[in-house]
Amino acid sequence: MSSYPAIYAVVRRIPPGRVATYGQVAALAGVSGQARLVGYALNALADTSSLPWHRVINAQGRVSPRAGEPGGSVLQRIRLEREGIEFDARGRVSLERFGWRPRGGAGQRPRAHGARRGRVGGSSPDGT
DNA sequence: CGCGTGACTTGTA
DNA sequence: TTACAAGCCACGC
């Protein structure tokens with residue numbers, strides 16, 4: 001059973017000009033704590049998909065080097081820049097400004113399928 | 001069903 | 001700031 005569909009759904013919800021972290025997507029997809037699964041899903045998705053996978057970056061605000069596709073991170077950065085996202089001199093994105101802040105309300109899916117240690121960290125400084 | 005791997009995360013050095 | 005270690009869980013063999 002693959003949680004990919006849920007992940008794809010979340011990624012698809014990421015609005016343009018915004019980026020979400022693997023952990024965030026994982027949480028929204030209902031697999032909180034398994035950021036790896038997100039990357040795994042995206043990898044399985046391949047670049048042929050129409051999903052904005054390029055809007056998914058790691059918690060450090062950096063573009064993770066993909067597996068099997070050297071240079072892919074560069075393509076991702078280019079796509080993000082095209083979306084209007086600015087990169088830092090070190091090639092990092094300011095999650096504080098471009099980080100996607102989903103509006104709880106309706107579209108959210110707090111499906112805690114286990115709720116491991118609540119070490120969320122607190123990366124949701126609403127600012128829109 | 002067991003083992004290894006992985007587009008990750010967080011804490012510590 | 002970078003580097004290393006431990007943890008979590010699904011997928012492929």
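Every chain is numbered from 1 and lettered A, B, ... according to where its sequence line falls, protein lines coming before strand lines.
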Practice prompt. Calculate the interatomic distance between A:Leu37 atom CG and C:dC9 atom P; express it in whole Å.
Written response: 11 Å
Practice prompt. Please report, rounded to the nearest Å, how far the P atom of C:dC9 is from the OH atom of A:Tyr4.
Written response: 16 Å
Fill in: Rounded distance [0.5 Å steps], CG in A:Leu80 versus CD in A:Glu86
12.0 Å
Discussion item. Output the rounded distance in Å from CD1 (A:Ile7) to P (B:dG6).
Written reply: 18 Å
Discussion item. Using the side-chain heavy atoms of A:Asn43, tell me which of these nucleotides is nearest: B:dT9, B:dA7, C:dC9.
Written reply: B:dA7
Practice prompt. Can you figure out which of C:dC9, B:dA7, B:dT9 approaches the side chain of A:Gln34 most closely?
Written response: C:dC9
Practice prompt. Could you please name the option among B:dT9, C:dT1, C:dC11 that lies closest to any side-chain atom of A:Arg92?
Written response: C:dT1
Response to the item:
Rounded to whole Å, CG of A:Leu42 lies from P of C:dC11 at a distance of 14 Å
Worksheet item: Considering only heavy atoms from C-beta outward, does the side chain of A:Tyr22 approach that of A:Leu42 to under 4.5 Å?
Response: yes
Worksheet item: Mapping A:Tyr40 and A:Gly33 to their closest nucleotides on DNA chain C, which lands nearer the 5' end?
Response: A:Gly33
Worksheet item: Regarding A:Arg77 and the six-membered ring of A:Phe87, is the cationic atom NZ or CZ under 6.0 Å from the ring centre and inside 45° of its axis?
Response: yes
Worksheet item: Would a 4.5 Å heavy-atom cut-off, applied to side chains only, mark A:Leu28 and A:Pro102 as touching?
Response: yes
Practice prompt. Specify the separation, in whole Å, of atom OH of A:Tyr22 and atom P of C:dA10.
Written response: 19 Å
Worksheet item: Donor-acceptor pair, A:Gln76 side chain versus A:Val56 backbone, under 3.5 Å?
Response: yes
Discussion item. Quick one, A:Trp53 and A:Asn43 - any side-chain contact, counting heavy atoms below 4.5 Å?
Written reply: no
Fill in: Interface with DNA chain B, restricted to residues 55-64 of chain A and to heavy atoms under 4.0 Å
A:Asn58, A:Ala59, A:Gln60, A:Ser64
